[in-house]
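As C-alpha cells, the structure follows; a few thoughts come after it.
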Amino acid sequence: MGDAVKPETLRSAIASAVAELKSYEVPDECVRLGLAPGEESEAFASKYRYVMKRLRQLAVPELTAVARKVLDEYETPELEQVLASLGMIGVDGEFKDLIFAANGPKP
C-alpha cells in the first residue's frame with residue numbers, strides 16, 4: 001500500500017506546494033503548518049529549500065499530517081496524488097459517517 005512512495009517524494013510534494021507562495025509568506029506558513037521557524041531571508045534565497053530543510057527531520061506520519069494541512073488550504077494535485085498512492089486520502093460523505101458511527105473500539 002504505502003511501500004512504493006518514499007518519504008522524500010512526500011517531502012518534495014509538500015515543499016513544491018508551499019513554494020508556490022510568495023517568499024515573504026513562506027516562513028509564516030511553515031510555522032502555521034507546525035514546522036520550525038526561520039529567517040525570511042532564507043526563504044527569499046529558495047522557498048523550496050526553506051521548506052525542505054524543515055521537513056527533513058519529519059517521519060512519514062508527521063509528513064502525512066503536514067500534507068493534510070496543506071491539502072486543506074491549497075489545491076495541489078501532485079501532493080494529492082502522492083497521498084492517494086499512500087492510501088492516506090480519507091472518505092467523505094455519508095459513507096464516512098457510517099464507518100465511524102459504529103460502537104466499540106475503532107481500528
Report yes if some heavy atom in the side chain of Phe44 is under 4.5 Å from a heavy atom in the side chain of Tyr24; otherwise report no.
-> yes
Quick one: list whatever passes salt bridge (Lys or Arg N to Asp or Glu O under 4.0 Å) with Glu78, sequence neighbours left out.
-> none
Set of residues satisfying side-chain hydrogen bond (donor to acceptor under 3.5 Å, both in side chains) with respect to Ser12, sequence neighbours excluded = Tyr48
Minimal non-hydrogen separation, Val51 against Ala15, with atom names | CG1-CA, 3.6 Å
Using the test salt bridge (Lys or Arg N to Asp or Glu O under 4.0 Å), find all partners of Glu62 that sit at least two apart in sequence or belong to another chain.
-> none
Does any pair with a residue in residues 19-31 pass salt bridge (Lys or Arg N to Asp or Glu O under 4.0 Å), and if so which ones, sequence neighbours excluded?
-> Glu29-Arg32
Arg49: partners by side-chain hydrogen bond (donor to acceptor under 3.5 Å, both in side chains), with sequence neighbours left out = none
Connected via hydrophobic side-chain network under 4.5 Å: Tyr74 and Leu71 | yes
Gap separating the CD atom of Gln81 from the OG1 atom of Thr76, nearest 0.5 angstrom = 11.0 Å
Looking only at heavy atoms, what is the nearest atom pair of Ala43 and Ser23, with distance?
-> CB-O, 3.6 Å
Counting N and O atoms only, with roles assigned by atom type, does the side chain of Ser85 sit under 3.5 Å from a partner on the main chain of Val82, one being a donor and the other an acceptor?
-> yes
Tell me, do Leu58 and Leu35 make a side-chain contact under 4.5 Å, heavy atoms counted?
-> yes
Across all chains, not counting sequence neighbours, the salt bridge (Lys or Arg N to Asp or Glu O under 4.0 Å) partners of Lys69 are none
Does anything in residues 36-48 pair up under salt bridge (Lys or Arg N to Asp or Glu O under 4.0 Å), and if so which pairs, sequence neighbours excluded?
-> Glu42-Lys53, Glu42-Arg54
Would you call Arg68 and Glu80 a salt bridge, taking side-chain N to carboxylate O under 4.0 Å as the test?
-> no
Tell me, please, which residues at least two apart from Ala67 pass side chain to side chain contact (heavy atoms under 4.5 Å, CB included).
-> Leu10, Ile14, Leu79, Leu83
Closest contact, heavy atoms only, Tyr50 versus Cys30 = CE2-SG, 3.7 Å
